[in-house]
Chemist: 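Just dropping this structure here.
Note that the numbering runs from 1 along the sequence shown for the chain. One-based numbering, in listed order, for ligands and for the atoms of each.
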Amino acid sequence: MVYPVLKKGSVEKRFKDAAEVYASYKVDVSKALEKLKKVQVSLHCWQGDDVGGFEVKEDKTLTGGIMSTGAFPGKARNGEELRADLEKAMSLIPGKHRVNLHAIYLESKGKFVDRNEIGPEHFTEWVSWAKKNGYKLDFNPSFFSHPKSASGLTLSHPDKNIRKFWVEHGIRSREIAADFAKKLNSKVVNNVWIPDGAKDIPADRWAPRERLIESLDAIFAKKVDSKVKDAVEGKVFGIGSEEYVVGSNEFYLSYAITHNKLVCMDMGHYHPTEVVHDKVSAVLPFVPELLIHVSRPIRWDSDHVVILNDDLQMLAKEIVRGNALDRVYLATDFFDGSINRIGAWVTGVRSLQKALLIALLEPSDILKKLELEGKGAEKLAMMEETKTLPFAAVWDYFCETAGVPVGSAWLNDMVDYEKKVTSKRK
Ligand code: RNT
Ligand code: ZN
């Protein structure tokens with residue numbers, strides 16, 4: 001099927017009409033678009049190959065309580081392919097964005113390099129590619145899919161030597177982040193997530209947490225480039241760590257506040273009815289900045305592709321209402337191996353941008369005023385009415401002026417790339 005490509009001129013006409021509607025609510029559409037343009041989403045590289053990575057080893061099974069299901073053909077098999085796929089995705093997303101790497105995406109010229117041996121020299125291809133394309137990079141140490149994490153423990157492991165191994169990995173990852181910061185002259189978010197936990201009731205919940213504090217302190221001991229932003233990511237449970245997660249949300253919240261770190265809140269890392277949008281105003285006053293892993297849990301931390309659902313819209317509204325766009329880093333985190341992976345990226349990021357645009361177009365001054373005046377019905381009604389304001393016309397205009405396909409037209413590019421490139425990978 002050929003997806004509709006709109007006639008030239010039609011987008012602008014609808015945009016002008018929409019801008020008039022918004023102006024009647026005292027919303028300046030061009031200001032909203034200016035702000036949206038500045039939001040750089042960190043696009044997670046790991047959707048491109050189902051969190052496999054490029055380590056030179058036989059067994060690349062994904063472990064650590066996270067899972068990618070599906071075997072859609074054409075996943076990237078090396079750096080070259082992954083970068084090409086990322087470029088394709090980026091070409092269908094309006095704006096300039098960032099790429100989020102994991103340590104397992106190193107390139108070591110056919111030689112096995114263990115996690116405690118990685119260095120900036122293994123990411124030079126990524127850096128030159130980023131430079132060439134004007135992308136900035138973020139980084140993550142990888143504490144999973146490794147024999148030394150097989151017991152389910154890494155930084156909190158009772159064995160001093162195993163802890164030491166992972167601490168070294170954490171230190172080296174930070175050095176890589178610092179190298180990115182220097183070479184790309186940009187902030188680099190370096191996010192620590194570990195799988196550590198227990199399937200069943202532990203006899204000792206204390207000691208692993210004490211060891212984790214010690215390990216984190218050791219990783220963060222060295223001063224690195226101030227452009228490196230260290231973040232710590234907790235969660236409520238994982239597969240195999242149902243009863244106990246060493247780095248729980250409370251653990252890392254406390255650690256971040258007392259150690260001046262960023263808290264990473266992943267939308268899939270809380271109880272099913274617990275929402276991340278409520279946490280932004282509760283946490284941000286106490287930490288320097290926030291990192292949000294934009295994800296979509298279904299029944300568990302399933303990492304489905306992000307869509308424009310209520311959770312996403314509420315999250316965007318909270319950030320925008322709090323004027324916090326410059327203190328909240330947005331990084332996508334999902335991995336669906338059952339569909340076209342470029343489609344997954346583009347759908348996720350475009351949905352996030354739509355949510356941000358809806359938030360930026362909200363007449364929030366009016367809503368806040370009605371609330372203060374105790375006019376509850378009017379506030380609620382206004383919130384409902386704003387849901388059907390013509391944001392889509394503004395979104396289309398944003399895409400058109402950014403030089404990317406409008407509406408579903410990007411699917412033509414995706415299908416074409418699948419036909420010519422990814423489907424040929426055997
Ligand atoms: C796992 C965390 C973590 C990972 C990536 C691969 O539950 O969400 O962020 O998804 O680091
Ligand atoms: Zn995450």
Chemist: Pairing donors with acceptors under 3.5 angstrom, does anything connect the side chains of N140 and Y105?
Modeler: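 The answer is no; no qualifying pair exists.
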
Chemist: Please identify each residue that fulfils ring pair (Phe, Tyr, Trp, His ring centres under 6.0 Å) with H122, with sequence neighbours left out.
Modeler: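 For H122 there are no ring pair (Phe, Tyr, Trp, His ring centres under 6.0 Å) partners, ignoring immediate neighbours.
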
Chemist: Run the side-chain hydrogen bond (donor to acceptor under 3.5 Å, both in side chains) test against E371 and tell me which residues pass, sequence neighbours left out.
Modeler: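 Scan of E371 (side-chain hydrogen bond (donor to acceptor under 3.5 Å, both in side chains), adjacent residues dropped) gives K379.
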
Chemist: Pairing donors with acceptors under 3.5 angstrom, does anything connect the side chains of N100 and W46?
Modeler: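 There is no such pair between these side chains.
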
Chemist: Give the C-alpha distance, both sets of side-chain angles, the deciding distance and a yes or no for side chain to side chain donor-acceptor pair (under 3.5 Å) between S302 and H304.
Modeler: CA-CA 6 Å; S302 61; H304 277 70; 2.6 Å; yes

Chemist: Are more than 12 heavy atoms from other residues, nucleotides or ligands located less than 6.0 Å from atom NZ of K368?
Modeler: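 Count over threshold, so yes.
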
Chemist: With a cut-off of 2.8 Å, which protein N/O/S atoms are close to the Zn ion (ligand 2), if we only count those under it?
Modeler: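 Correct list: E233 OE2, D266 OD2, H293 ND1, D333 OD2.
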
Chemist: OG/S186 to NZ/K227 distance, rounded to the nearest 0.5 angstrom?
Modeler: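 NZ of K227 is found 8.0 Å from OG of S186.
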
Chemist: Could you pull out every protein residue that has a heavy atom closer than 4.0 Å to ligand 1, ordered by chain and then number?
Modeler: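 The answer is W46, I66, H102, W193, E233, K235, D266, H269, H293, D301, D333, F335, counting any residue whose heavy atom sits under 4.0 Å from ligand 1.
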
Chemist: Can Y417 and D85 be counted as having a side-chain donor-acceptor contact under 3.5 angstrom?
Modeler: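 Side chains of Y417 and D85: pair found under 3.5 Å.
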
Chemist: Side chains of H146 and D114: is there a donor and an acceptor less than 3.5 Å apart?
Modeler: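 Judged by distance alone, the side chains do pair up.
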
